[in-house]
A.B. asks: 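This is the structure I have questions about; it appears just below.
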Amino acid sequence: MYKYIKRIFDVVFSFFAILIFLIPMIIVAVIIKCESKGPVIFKQKRIGKNKKEFYIYKFRTMRSDTPSNVPTHLLQSSENYITKSGAFFRKTSIDELPQFFNILKGDMSIIGPRPALWNQYDLIKERDKFNANNCLPGLTGLAQINGRDELEIKKKAEFDGEYVKNISFFTDLKILLLTVKSVFKGEGVREGKIDKNFNKNKC
């Protein structure tokens, strides 16, 4: 029963979020366009429910000549690719706001495992062990409030599996509230090349 309520909540929440953030998003779009060449919205192929591919929307925070489909931490001197405003948008998760349109389309949910890059085969494989590829990916999730970019792939998949196994309204509400806290504190965000044992994406 909750999966139907969850979808209604996703639609209503994302619709009002778009209305509330419409003017800020327009301002962000103008800043991006004035600061560097390239499109305002960055589209990237991700893995959705049942490993179906879709394109996720984000505000572009990097130069248009940045290598595509490469996790930020694998770029040499990634700070040279991130725009000045982009660094702030990424730290505050403002770049994620366009994903409310993904949620309205049904590609994503408010809460769920963050969608893996199409070529993150190691993460996708680990999630298969916990059936974490069988639900809609989310704007935020259990892994995001427990380390985000700092988590190893195996640990991240375990958190995703734990969420899928225990989906409920109160679980979603708790994750949502803790996400707001995490965003304000800027927790778990890593940029640039990191230790090979850490998760291979910022997603």
A.B. asks: Please assess Phe184 against Val180 for the test side chain to side chain contact (heavy atoms under 4.5 Å, CB included), listing each intermediate value before the final yes or no.
C.D. replies: CA-CA 6 Å; Phe184 274 110; Val180 173; 3.5 Å; yes
A.B. asks: Would Phe42 and Asp95 satisfy side chain to side chain contact (heavy atoms under 4.5 Å, CB included), going step by step from the backbone distance to the final call?
C.D. replies: CA-CA 9 Å; Phe42 171 69; Asp95 63 320; over 6 Å; no
A.B. asks: For Ala132 and Gly161, which heavy atoms make the closest approach, and how far apart are they?
C.D. replies: CB-N, 4.0 Å
A.B. asks: Identify every side-chain donor-acceptor pair in residues 14-34 under 3.5 Å, counting partners at least two apart or on other chains, and give the distances.
C.D. replies:
from	atom 1	to	atom 2	distance (Å)
Ser14	OG	Asp10	O	2.6
Ser14	OG	Val11	O	3.2
Lys33	NZ	Gly38	O	3.1

A.B. asks: Would you tell me whether Thr61 and Arg90 have side-chain atoms, one donor and one acceptor, within less than 3.5 Å of each other?
C.D. replies: yes
A.B. asks: I'd like to know if the side chain of Tyr2 pairs up with that of Asp172 as donor and acceptor (distance under 3.5 Å, no hydrogens or angles considered).
C.D. replies: yes
A.B. asks: Does the pair Lys58/Glu96 count as a salt bridge with the N-to-O cut at 4.0 Å?
C.D. replies: yes
A.B. asks: One thing to verify: whether Lys129 and Glu126 come together as a salt bridge, which I'm taking to mean a side-chain N less than 4.0 angstrom from a carboxylate O.
C.D. replies: yes
A.B. asks: Tell me if a side-chain donor or acceptor on Asp107 pairs with a main-chain N or O of Ile103 at a distance below 3.5 Å.
C.D. replies: no
A.B. asks: For the hydrophobic clusters of this structure (ILVMFWY residues joined by side-chain heavy atoms under 4.5 Å, transitively), does one cluster hold both Phe170 and Ile5?
C.D. replies: yes
A.B. asks: Given side chains that start at C-beta, do those of Val183 and Ser93 come closer than 4.5 Å, heavy atoms only?
C.D. replies: yes
A.B. asks: Hydrophobic clusters here meaning ILVMFWY residues chained together by side-chain heavy-atom distances under 4.5 Å, can you tell me if Ile167 and Phe130 are in one?
C.D. replies: no
A.B. asks: Evaluate the side-chain hydrogen bond (donor to acceptor under 3.5 Å, both in side chains) criterion for residues Ser109 and Arg7: first the C-alpha distance (whole Å), next the side-chain angles of each, then the deciding distance (0.1 Å), finally the verdict.
C.D. replies: CA-CA 7 Å; Ser109 177; Arg7 178 58 188 156; over 6 Å; no
A.B. asks: Could you check Asp160, Asn133, Asn134 and say which one makes a side-chain hydrogen bond (donor to acceptor under 3.5 Å, both in side chains) with Arg127?
C.D. replies: Asp160
A.B. asks: Taking C-beta and beyond as the side chain, do Leu117 and Lys45 meet within less than 4.5 Å on heavy atoms?
C.D. replies: no
A.B. asks: Please assess Lys6 against Ile111 for the test side chain to side chain contact (heavy atoms under 4.5 Å, CB included), listing each intermediate value before the final yes or no.
C.D. replies: CA-CA 9 Å; Lys6 182 177 172 70; Ile111 311 296; 3.9 Å; yes
A.B. asks: Where do Tyr57 and Asn102 come nearest, in terms of heavy atoms and distance?
C.D. replies: N-OD1, 2.9 Å
A.B. asks: Check the angle between the aromatic planes of Trp118 and Tyr121 and answer parallel, tilted or perpendicular using the 30° and 60° thresholds.
C.D. replies: perpendicular
A.B. asks: Could you give the distance from CG (Leu136) to NZ (Lys49), rounded to the nearest 0.5 Å?
C.D. replies: 5.5 Å
A.B. asks: Measuring from atom CZ of Phe13 to atom CD1 of Ile8, what distance do you get when rounded to the nearest 0.5 angstrom?
C.D. replies: 16.0 Å
A.B. asks: Which pair of heavy atoms, one from Pro113 and one from Tyr163, lies closest together, and at what distance?
C.D. replies: CD-CD2, 4.2 Å
A.B. asks: Let me check something: do Leu104 and Leu97 share a hydrophobic cluster, defined by ILVMFWY side-chain heavy atoms less than 4.5 Å apart, either directly or through other members?
C.D. replies: yes
A.B. asks: Are Ile124 and Lys51 packed together at the side-chain level, in the sense that at least one heavy-atom pair is separated by less than 4.5 angstrom?
C.D. replies: yes
A.B. asks: Does the Arg46 side chain pair with the main chain of Pro115, one donor and one acceptor, at a distance under 3.5 Å?
C.D. replies: yes
A.B. asks: Rounded to the nearest 0.5 Å, what separates atom CD in Glu158 from atom CG in Leu151?
C.D. replies: 10.0 Å
A.B. asks: Taking the side chain as every heavy atom from C-beta outward, state whether Ile47 and Gln120 have any atom pair closer than 4.5 Å.
C.D. replies: no
A.B. asks: Closer than 3.5 angstrom, by distance alone: can the side chain of Gln99 be matched with the main-chain N or O of Ile56 as a donor-acceptor pair?
C.D. replies: no
A.B. asks: For Gly138, does its backbone N or O pair with a side-chain atom of Arg114 as donor and acceptor, under 3.5 Å?
C.D. replies: yes
A.B. asks: Please answer whether the main-chain N or O of Leu178 pairs with a side-chain N or O of Ser182 as donor and acceptor at a distance below 3.5 Å.
C.D. replies: no
A.B. asks: Can you see whether Lys105 engages Tyr55 through a side-chain donor-acceptor pair at a distance of less than 3.5 angstrom?
C.D. replies: no
A.B. asks: Atom CD1 in Ile94, atom CZ in Phe59: separation rounded to 0.5 Å?
C.D. replies: 9.0 Å
A.B. asks: Would you verify whether the NZ or CZ of Lys155 falls within 45 degrees of the ring axis of Phe159 while also being under 6.0 Å from that six-membered ring's centre?
C.D. replies: yes
A.B. asks: With a 4.5 Å heavy-atom cut-off, do Ser85 and Thr83 have their side chains touching?
C.D. replies: yes
A.B. asks: Would Ser168 and Thr171 count as having a side-chain donor-acceptor pair, cut-off 3.5 Å?
C.D. replies: yes
